[in-house]
Peer 1: 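Can you read through this structure? Questions will come right after.
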Amino acid sequence: MESQVAGGPAGPALPNGPLLGTNGATDDSKTNLIVNYLPQNMTQDEFKSLFGSIGDIESCKLVRDKITGQSLGYGFVNYSDPNDADKAINTLNGLKLQTKTIKVSYARPSSASIRDANLYVSGLPKTMSQKEMEQLFSQYGRIITSRILVDQVTGVSRGVGFIRFDKRIEAEEAIKGLNGQKPLGAAEPITVKFANNPSQKTGQALLTQLYQSSARRYAGPLHHQTQRFRLDNLLNMAYGVKRFSPIAIDGMSGLAGVGLSGGAAGAGWCIFVYNLSPEADESVLWQLFGPFGAVTNVKVIRDFTTNKCKGFGFVTMTNYDEAAMAIASLNGYRLGERVLQVSFKTSKQHKA
DNA sequence: TATGATT
């Protein structure tokens, strides 16, 4: 695992000058750090206290998936004092936390030109090292990070890697120049394309992630029946197994009038979602529930004056079994720092 | 902190 910014071994002149320390760099360039390879389970609080132990922090942010709230494994720290930023790099870069070795380096200024500059490379010769891969790509620009994935058991290269360039245009040039080309002495051509970015995850990928997080939450023995139910169904969904959920039989009889909303336009099963953040919006509900089946309506309930979410919302799903699956899967699901409570909406009306 | 409807 690399422990500093990979500049690439002495390559040709870079098309773009260094970003830091020149052309009127602001103070930010000396106080703002990016932290990579954080353990997946590290929280914002833990992140803050680790870097706060070095010195006063102006701001810090553990970056999380917008939809699931899962940590993306990196974050930013902005110190008040440039000396503390320097100290953080010297003392925390390379620190081993659980299975990860964290990387602490100065953050490049945020700009559109550095976005989407990460490449996915496959078909690499299994013998090619990270350094050799960097040599191959460095002719197209400044490499920020690189990685070759290895088999977890044998440690042998999987022939797949990632290259992040400083600039998107550099990445584009590398695709043009290297995609479909055979590296010197290689038998097969390599494939070079833009890496998927985590925000455009498919429903299947989201489900897999939900399953993984559920499995982690219930790492212990599964005594409780609802837990077993939840995991079984997530497994079934993840692998596309046809199932006939027991709760779809048991559940129906006990649910007279609950959740099923009337009216031709609004027909469907109404689900109550509690513990949304004040910033929650409709898109979060669409994206959380969409993977489970047909969603016809979502609504975040907001305070009329502040326009902030009041902590709950509603989702209408067409099919009972999909709604039950969504509830079983998402109830208790951690969205960011919050644990959602999800159930069929109960009706308060119809008392007389 | 807990079941809408400012369409």
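Proteins come first, then strands; the chains are lettered A, B, ... in the order of their sequence lines, and each starts at number 1.
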Peer 1: Return yes if a side-chain donor-acceptor contact under 3.5 Å exists between A:Gln40 and A:Ser71, otherwise no.
Peer 2: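 Judged by distance alone, the side chains do not pair up.
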Peer 1: Could you say whether the aromatic ring of A:Phe312 and the base of B:dA2 stack, counting only centre distances under 5.5 Å and plane angles under 30°?
Peer 2: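 The ring of A:Phe312 is not stacked on B:dA2.
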Peer 1: Please give, in whole Å, the distance from B:dG4 C1' to A:Ile301 CD1?
Peer 2: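 My rounded result for the distance is 4 Å.
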Peer 1: Without decimals, in angstroms, what is the distance between A:Asn331 CG and B:dA2 C1'?
Peer 2: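 Rounded to the whole Å, the gap is 13 Å.
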Peer 1: So which pairs with a foot in residues 69-87 of chain A pass salt bridge (charged side-chain N to carboxylate O under 4.0 Å, His left out), sequence neighbours left out?
Peer 2: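 Residue pairs passing salt bridge (charged side-chain N to carboxylate O under 4.0 Å, His left out), neighbours aside: none found.
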Peer 1: Quick one: the side chain of A:Tyr274 and the base of B:dT1, do they pair up donor-acceptor inside 3.5 Å?
Peer 2: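 Flag set: donor-acceptor pair detected.
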Peer 1: What integer distance in Å separates A:Lys308:NZ from B:dT1:P?
Peer 2: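 After rounding, the reported distance stands at 18 Å.
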Peer 1: Measure the distance from CZ on A:Phe314 to P on B:dG4 and round it to the nearest whole Å.
Peer 2: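 For the pair A:Phe314 CZ and B:dG4 P, the rounded distance is 5 Å.
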Peer 1: Less than 6.0 angstrom separating the ring centers of A:Tyr37 and A:Tyr74, yes or no?
Peer 2: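 Between A:Tyr74 and A:Tyr37, which both carry aromatic rings, the centre distance is not below 6.0 Å.
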Peer 1: DNA chain B: A:Val298 or A:Arg338, which has the more 5' nearest nucleotide?
Peer 2: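 Nearest nucleotide further toward 5': that of A:Arg338.
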Peer 1: Please enumerate all residues that pass salt bridge (charged side-chain N to carboxylate O under 4.0 Å, His left out) together with A:Lys308, with sequence neighbours excluded.
Peer 2: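 If we apply the salt bridge (charged side-chain N to carboxylate O under 4.0 Å, His left out) test to A:Lys308, skipping adjacent residues, the hits are A:Glu279.
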Peer 1: Looking at B:dT7, I'd like to know if its phosphate oxygens (OP1 or OP2) sit under 4.0 Å from a side-chain N or O belonging to A:Lys299.
Peer 2: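 So the side-chain polar atoms of A:Lys299 do come within 4.0 Å of the phosphate oxygens OP1 or OP2 of B:dT7, strictly under.
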Peer 1: Mind calculating the distance between CD (A:Glu282) and P (B:dT7) to the nearest angstrom?
Peer 2: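 Going from CD in A:Glu282 over to P in B:dT7 covers 10 Å.
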Peer 1: Starting at atom CZ of A:Phe344, determine the distance to atom C1' of B:dT3, rounded to an integer number of angstrom.
Peer 2: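 Taking atom C1' of B:dT3 as the reference, CZ of A:Phe344 is at 14 Å.
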Peer 1: Rounded to whole angstrom units, what separation is found between the CZ atom of A:Phe304 and the C1' atom of B:dT6?
Peer 2: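 From A:Phe304 CZ to B:dT6 C1': 5 Å.
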Peer 1: Can you tell me which nucleotide in B:dG4, B:dT3, B:dT1 comes closest to the side chain of A:Ser343?
Peer 2: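 Among the listed nucleotides, the one closest to the side chain of A:Ser343 is B:dT3.
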Peer 1: Given atom CZ of A:Arg302 and atom C1' of B:dT7, what is their separation to the nearest angstrom?
Peer 2: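 Nearest whole value for this atom pair: 14 Å.
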